[in-house]
Amino acid sequence: MAARRRPSRPVIDKIVPTAAAAVADVHDGATIMVGGFGTAGIPFELIDALIATGARDLTVVNNNAGNADTGVAALLKTKRVRRIVCSFPRQVDSWVFDALYRTGEIELELVPQGNLAERIRAAGAGIGAFYTPTGYGTQLAEGKETREIAGRRYVLEYPIHADFALIKAQAGDRWGNLVYRKTARNFGPIMAAAAKCTIAQVASVVGLGELDPEAIVTPGIYVHRVVAIADAATPAVAA
Amino acid sequence: MAARRRPSRPVIDKIVPTAAAAVADVHDGATIMVGGFGTAGIPFELIDALIATGARDLTVVNNNAGNADTGVAALLKTKRVRRIVCSFPRQVDSWVFDALYRTGEIELELVPQGNLAERIRAAGAGIGAFYTPTGYGTQLAEGKETREIAGRRYVLEYPIHADFALIKAQAGDRWGNLVYRKTARNFGPIMAAAAKCTIAQVASVVGLGELDPEAIVTPGIYVHRVVAIADAATPAVAA
Amino acid sequence: MKRFTHDEMAARVARDIPDGAYVNLGIGLPTRVANHLPPDREIVLHTENGLLGMGPAPATGAEDFDLINAGKQPVTALPGASYFHHADSFAMMRGGHLDYCVLGAFQVSVAGDLANWHTGASDAIPAVGGAMDLAIGAKHVYVMMEHLTKDGASKIVARCTYPLTGLACVERIYTDLAVIDVTPAGLVAVDVVPGLPFAELARLTGVPLADGSAAVHVA
Amino acid sequence: MKRFTHDEMAARVARDIPDGAYVNLGIGLPTRVANHLPPDREIVLHTENGLLGMGPAPATGAEDFDLINAGKQPVTALPGASYFHHADSFAMMRGGHLDYCVLGAFQVSVAGDLANWHTGASDAIPAVGGAMDLAIGAKHVYVMMEHLTKDGASKIVARCTYPLTGLACVERIYTDLAVIDVTPAGLVAVDVVPGLPFAELARLTGVPLADGSAAVHVA
């Protein structure tokens, strides 16, 4: 009898066959959040597929601005990124960004890392703006509204929304539920909630119900497409 | 050799032997967050221990205002609660609150549930205030600052801090790491972060390292005392 | 006068919710919609107290009071369900991620203002719960209510006299007499209970109401 | 002139952090403090990229680049560790839950203002990371830095000339010449490298500095 109640076909199936199919509709001018911190959590294969689409005039939101010549750096190298929003672009192997920045070929919005995370979280949570103590009195708060609340001084910061989020997780199911791996979790869960369309590459797709409901980090409601990319090991990164 | 590197005694040990010991220093005038939604997640044994301390002039923050004659209702019945902050005090079995409210013996701050949750979260997250769309244009936003942001109208809401949080979890370790059970999770994790002193009753204390680090919901940094209360089943509740 | 039964109203709401939707059903009448979601469709139910993928009530004796819905009734969790804390649950609501919510109401205005949390009576104990968050959060806010009060007054009003839950948030109203859309051009009855002439519905409703039922019946 | 070595500075910081403390060690010199936390003490290290309970570097060959610290170096996780996402990690910092953070610096002012993210050079690529969050978040903010620039100028200044990281946030400064407390009454040297007369330290520092080392040595 239980079998007769089962749907004849799954009506929610967010699994897409390839990275190319997952990013095919990214449009020129899109704002794209890219998960990851250093190389951990960077969805390399989704970024490569994005590059292949030829989409241009993009805004990228990522903690860093690319390492070496892969991932976000490879995307920047195409010169199709107009603007990057990040907290830490300067790394020993961020030569692609460095060159573009010095020649004025990319705009940089530098955001303290916690404000970056909280602004992304605010977008997903429907918060219109928030007062943060981080950055008060510094160059990164210049021109921003400030306020003293209960004896402490704060800066008003606004949400960061995106058209697409490209993230990497450890496992996902056809409803889009995700779990992550160690510190590769980082920006994935908050970016998933902040984008109109969230695309997750996962090391493995598992059956519905196989993920422990107590341990699911990103509920499927935030994820629109899941693509299995096996053997996507995280490379070392220069500090 | 591994054995020689092990500490001779654990220097972080948040386990306390009894509920009475856990709440012994609650002072008159304290603001106390109490986890739970309906009866799920209500730390009944901690509340009973709190009642036994005789602390008075309390402010209680809880989603409801007590069911029947136990838990928060039993605490209210002592008339030691001056003020309650909650979203849904009216239930078929909330007769203790009802009587106190009608006779003016308790102050009520009624907060839309999502604003209650977000204000508690803001306290733990160091956010000074935030703009929320919830409640705009209603009686519960009267007198509050409002602002239009990107075409939507918001109300400014402030964090809710507490001196103590009493919460219930499924398992905890000596570092204070917690996991919860089903919808009994509710307010526990955010209250834990919003209080100066967080006290968790857990169905079982487990060894350090036994909780999956990917599945820990409340990191130990937010928890100050853990007390094992076995057989603390959640009673049914009238709707 | 024939009226839609509560089950007919719930079945109609269930039919109007598309496959794959994320849905929150409010306390009271809306909860009944769950009984009319056919098992061959996947619609994911959210409950404000921290569960996505809520299933039907458990068998008697199998209740777990750590697994309840917003109305504090025991429920179950489907394969694919996930638990989260209250700030995350309301972020999901406030952030506009739910496709539909269905709420009960005391009054709905022609502008789509909703009053469903407080009668305003001086001796009433106020309780709001998550109603205001749902009213402003879901992409589509549907209301289920009786068309008329016990005294025969319309619950669809020019301007709510009860305290508001949210402004201009209701998109569609399901009553025992009709299904009414709230549009920028005003209220439009897209369905009327069989046997009730539109003119009589309009008279009972007491606010400007367009007849859109023909268009729908054709479609 | 004798100077404290980096390891001596790190050992001193480690000694000043009490058992059971929750601590974030910044990129660069502060990372070295971890090497001086004795194994018979439990001090819980936080890394901004979502880990509490960070352990030492893994053995060569056992690196896992999904398990890294803020400096992107591979680390390990101790029993009792937990992972969380970036908003939760920075909520932990901003919310004042960490007991200590130890940061590198370009300059610290007499008021405890910190400059450690940008030299202000026009051709420099700015990068702030989590420095501003740590500066305002931890209960106690310690700085580790060389006392003097390569040109011999004091990095402890009346007013920072480099762009600020945070206002009035530094509590204590560990340099290769001294340990200096930032107090409402001004800077107080609580320890000086052996052989360096206080008067010479004060001259090199170039801002008002009280001699508090005697009091500390007695205690």
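Sequence lines set the chain letters: A, B, ... in the order given, protein chains first and strands last, and positions in each chain run from 1.
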Item to check | Toward chain A, the part of D/Asp64 with a non-hydrogen atom under 4.5 Å | outcome: side chain
Item to check | Per-residue contact mode, D/Tyr83 against chain A (heavy atom under 4.5 angstrom) | outcome: both
Item to check | Options D/Ile27, D/Leu167, D/Asp133, D/Asp88, ranked by heavy-atom pairs under 4.5 Å with chain A, top entry | outcome: D/Asp133
Item to check | Portion of A/Arg152 that has a non-hydrogen atom of chain D nearer than 4.5 angstrom | outcome: side chain
Checklist entry - Can you tell me how far CG of D/Asp7 sits from NE2 of D/His36, rounded to the nearest 0.5 angstrom? => result 3.5 Å
Next on the checklist: Over 60° means perpendicular and under 30° means parallel, so tell me whether D/His140 and D/Tyr142 are parallel, tilted or perpendicular.
Outcome noted: tilted
Item to check | Contact leader toward chain A among D/Leu67, D/Asp123, D/Leu134, D/Asn49, where contacts are heavy-atom pairs under 4.5 Å | outcome: D/Asn49
Checklist outcome for this item: For A/Ala169, the side-chain contact (heavy atoms from CB on, under 4.5 Å) test, sequence neighbours excluded, returns A/Leu178, A/Tyr180, A/Val202
Checklist entry - Given the options A/Ile120, A/Ile190, A/Val217, which has more heavy-atom pairs under 4.5 Å with chain D than any of the others? => result A/Ile190
Item to check | D/Glu146 versus D/Lys155, closest heavy-atom pair with distance | outcome: O-CD, 3.1 Å
Item to check | Shortest non-hydrogen contact from A/Cys86 toward A/Asn64 | outcome: CB-O, 3.6 Å
Checklist entry - Looking at the rings of A/Tyr136 and A/Tyr154, which for Trp means the six-membered one, are their centres under 6.0 Å apart? => result no
Checklist entry - Tell me, side chain or backbone of A/Arg181 under 4.5 Å from chain D's heavy atoms, or both, or neither? => result both
Next on the checklist: For the residue pair D/Lys72 and A/Phe37, would you count it as a cation-pi contact if the rule is NZ or CZ under 6.0 angstrom from the ring centre and within 45 degrees of the ring axis?
Outcome noted: yes
Item to check | Largest heavy-atom contact set with chain A, pairs under 4.5 Å, which of D/Leu164, D/Asp113, D/Leu51 | outcome: D/Leu164
Checklist entry - Relative to chain D, which of A/Ala65, A/Pro89, A/Gly137 shows the most heavy atom pairs under 4.5 Å? => result A/Pro89
Item to check | side-chain hydrogen bond (donor to acceptor under 3.5 Å, both in side chains) evaluation trace for D/Asn69 with D/Thr47 | outcome: CA-CA 6 Å; D/Asn69 64 15; D/Thr47 180; 5.6 Å; no
Checklist entry - So which part of A/Val111 gets closer than 4.5 Å to some heavy atom of chain D, the side chain, the backbone, both or neither? => result backbone
Item to check | Region of A/Leu108 that comes under 4.5 Å of a non-hydrogen atom in chain D | outcome: side chain
